[in-house]
Amino acid sequence: MSNKILTLFLFLVPTIIFAQSSYTNEERIKVLYNGQKYNTFLYYLDRGYLEDIDVDKLTEKAIQAVLSELDPHSSYISKEELKSIDESFQGNFEGIGIEFNVLQDTVIVVNTVSGGPSERVGLKAGDRIVKVDTVSVIGITQTQVPKYLRGPKGSKVELTVIRHSEIQPLIFTVERDKIPVTSLDAGYKLNDSTGYIKINRFMATTSDEFDKAMDEMPNIKNLVLDLRGNGGGLLDQAIKLADNFLPQGALIVYTEGRSMPKTEAFAQNSGRFQNGNLVILLDEESASASEIVAGAIQDWDRGIVIGRTSFGKGLVQRQMTLPDSSAIRITVARYHTPSGRIIQRPFRMGDAKEYYMNYMKRYTNGELINPDSIPNDIPDSLKFKTVRLGRTVYGGGGITPDIFVPIDTSQYSKYWGKLVGAGIITDYVVDYVDKHRHTLEKRYPSFDVFDKEYAVTDDMFDALESLGEKKEIAREPEEMTRIKPIAGKQLKALIAQKLWSTNEYFRVINADNDMIKAALKSFNNL
């Protein structure tokens with residue numbers, strides 16, 4: 001390659017830190033010339049096509065088409081999507097600080113964020129927002145609400161609010177601020193010696209949230225770390241979380257790829273829960289960072305993994321910004337657990353549909369119902385030994401639990417699913433709490449009283465069925481009778497969430513949960 005062409009190439013292509021030893025001049029020229037080929041094609045198309053075309057849209061589709069020929073996790077992100085994603089992982093966004101719902105075309109305040117700008121000015125749960133500045137918001141959809149309420153920190157918005165106890169509308173001027181987004185759903189004691197922490201994803205604040213939850217449960221001897229449904233997130237936060245349980249110097253995870261040198265992450269601290277008894281809960285939706293934490297704990301024989309085999313996402317994506325502030329995430333390496341296992345389950349390049357269909361088959365082929373059986377003829381290449389005790393663990397995709405707990409199919413109801421899918425359950429709970437909040441708060445001054453005394457009534461189920469009929473969902477009396485215990489618990493948990501927080505939701509929903517019971521039993525057997 002001539003110096004002139006190489007200089008041009010380096011000018012046109014953003015500098016990205018990759019291992020360059022295997023990247024030949026011929027490959028550089030091929031990339032440059034194919035880029036010129038596309039540029040020339042786009043120029044001819046734009047200048048000569050019969051009608052006007054949207055060059056930006058076509059380019060986005062071209063990028064997406066290229067990425068679709070690769071692995072299932074390489075992706076394109078528009079600049080609009082990127083802003084929302086960045087907010088969700090940074091742990092905050094800028095707005096007024098409310099949890100809301102849209103019921104009968106009206107924005108209802110479900111709860112205010114503790115210490116947030118709306119709470120500071122006196123906005124209350126149950127308030128109805130009818131106007132934002134001079135714009136009526138009656139009739140807007142759930143997805144449109146953030147456009148009106150979010151905005152830069154320090155900016156002000158005037159809200160016109162209808163409150164049950166007031167004859168005239170109330171006017172609140174709210175100064176927007178940073179609103180925290182949490183990754184920890186719940187943290188409470190299952191019993192005097194056992195703590196429970198539920199993490200929904202790994203974001204910039206996860207480690208700090210974990211520390212806070214642990215501070216509020218001093219002197220526990222056992223910990224259940226619930227990573228069910230946790231699809232992953234930031235690698236550094238997964239490493240920090242695992243660091244709490246492992247001795248200093250212990251390998252947590254390593255990555256390696258064609259153009260990426262091997263990178264290892266080790267425990268840096270002594271670990272605030274290094275010696276306590278630990279259980280990690282996983283299910284088929286636990287992925288990526290969740291699997292890194294569980295894999296490290298399992299490989300070091302540090303704790304027990306309970307549940308079902310995890311999703312199996314073990315590819316490292318690197319995000320790279322494009323000139324218009326959109327971005328691509330391309331797979332650059334694989335994650336390996338300390339014993340050397342590859343977390344990623346098999347896939348065929350360019351066939352994301354088959355990849356996800358194979359995952360969905362787990363729900364129909366019995367894999368989630370029957371204990372995972374390890375074939376006798378499993379190849380030696382998929383057998384690994386744990387670091388401390390030399391136990392056999394298995395690769396080939398996902399983390400296989402030490403104790404299998406099947407999915408409870410008795411909890412599934414097609415009829416209940418229809419009610420949930422139509423938004424009837426959510427709307428009912430919001431409306432119910434809105435109408436009865438004062439009575440509920442007076443009768444149940446604390447969650448403990450609510451948990452002990454509150455019961456869902458037959459009239460409530462009848463009201464739900466009536467709402468279903470209005471949306472052309474026919475009643476199924478026998479099915480409703482069958483699922484009342486399960487559905488009642490879900491309704492009670494949702495009501496608790498609206499009255500208090502997600503912490504109380506999980507305190508209800510986890511009662512008599514099979515995985516929680518298996519975790520407590522494992523502690524008793526130690």
Side-chain angles (χ1 to χ4, degrees), residues 60-78 81 85 88 200-202 227-233 257 281-292 294-295 305 307-319 328-337 341-375 377-379 381-382 393-401 404-422 515:
E60 285 193 353
K61 287 191 172 184
I63 293 171
Q64 291 168 342
V66 170
L67 293 174
S68 71
E69 295 297 313
L70 306 178
D71 67 276
H73 300 299
S74 292
S75 60
Y76 169 79
I77 310 165
S78 70
E81 293 171 325
I85 292 170
S88 69
N200 61 56
R201 57 183 162 174
F202 289 87
L227 300 181
R228 289 176 291 178
N230 184 321
L281 304 184
L282 289 183
D283 66 10
E284 57 282 353
E285 295 180 359
S286 306
S288 192
S290 297
E291 296 172 299
I292 289 170
V305 178
R308 296 180 290 277
T309 301
S310 58
F311 182 90
K313 182 186 181 299
L315 299 178
V316 184
Q317 280 76 49
R318 172 162 288 182
Q319 184 168 298
I328 54 170
R329 286 182 182 165
I330 63 170
T331 296
V332 296
R334 290 185 178 87
Y335 292 120
H336 298 256
T337 71
R341 289 184 287 170
I342 294 175
I343 294 171
Q344 179 62 45
R345 60 190 172 90
F347 63 90
R348 187 166 60 184
M349 293 280 281
D351 199 341
K353 182 179 179 180
E354 179 191 47
Y355 177 73
Y356 289 106
M357 285 301 295
N358 285 340
Y359 168 74
M360 294 305 296
K361 287 177 183 177
R362 300 175 71 181
Y363 288 89
T364 57
N365 65 9
E367 180 182 339
L368 304 181
I369 299 173
N370 302 312
D372 290 348
S373 58
I374 305 300
D377 60 347
I378 189 169
S381 61
L382 297 182
V393 287
Y394 301 91
I399 301 298
T400 302
F404 176 79
V405 177
I407 194 168
D408 187 354
T409 56
S410 68
Q411 296 193 23
Y412 175 75
S413 166
K414 194 171 184 180
Y415 175 63
W416 187 258
K418 288 178 182 178
L419 296 178
V420 172
M515 285 201 199

(message) With heavy-atom distances below 4.5 Å as the criterion, would you say the side chains of S288 and Y335 are in contact?
(response) yes
(message) As a quick check of understanding, evaluate side-chain contact (heavy atoms from CB on, under 4.5 Å) for Y76 and K61, giving each step before the final call.
(response) CA-CA 9 Å; Y76 169 79; K61 287 191 172 184; over 6 Å; no
(message) Please find the pair of heavy atoms, one from Q344 and one from L315, that lie closest to each other, and give the distance.
(response) OE1-CG, 3.2 Å
(request) Would you name the heavy atoms of F202 and L227 that are closest together and state the gap between them? (result) CZ-CD2, 4.2 Å
(message) Under the rule for ring pair (Phe, Tyr, Trp, His ring centres under 6.0 Å), what residues qualify as partners of Y355, not counting sequence neighbours?
(response) H73
(request) Locate the shortest heavy-atom distance separating F311 from E291; write the atom from each residue and the value. (result) N-OE2, 3.5 Å
(request) Using modelled atom types only, decide if a donor and an acceptor are shared between the side chain of R362 and the backbone of T309 within a distance under 3.5 Å. (result) yes
(message) Quick check: do K353 and D351 have side-chain heavy atoms less than 4.5 Å from each other?
(response) yes
(message) Please find the pair of heavy atoms, one from S290 and one from L282, that lie closest to each other, and give the distance.
(response) O-CD2, 4.4 Å
(message) For the backbone of S310 and the side chain of S286, can you confirm whether one donor and one acceptor N or O come within less than 3.5 Å of each other?
(response) no
(request) Would you indicate whether the side-chain heavy atoms of I328 and S75 approach each other to under 4.5 Å? (result) no
(request) Give the minimum heavy-atom separation between M515 and R228, together with the two atoms involved. (result) SD-CD, 3.4 Å
(request) Heavy atoms only: give me the nearest Y356-P72 pair and the separation to one decimal. (result) OH-O, 3.8 Å
(request) Check the surroundings of atom CZ in R345: do more than 12 heavy atoms from other residues, nucleotides or ligands lie under 6.0 Å from it? (result) yes
(request) Please tell me if the side chains of T409 and L368 come closer than 4.5 Å, counting only heavy atoms from C-beta onward. (result) no
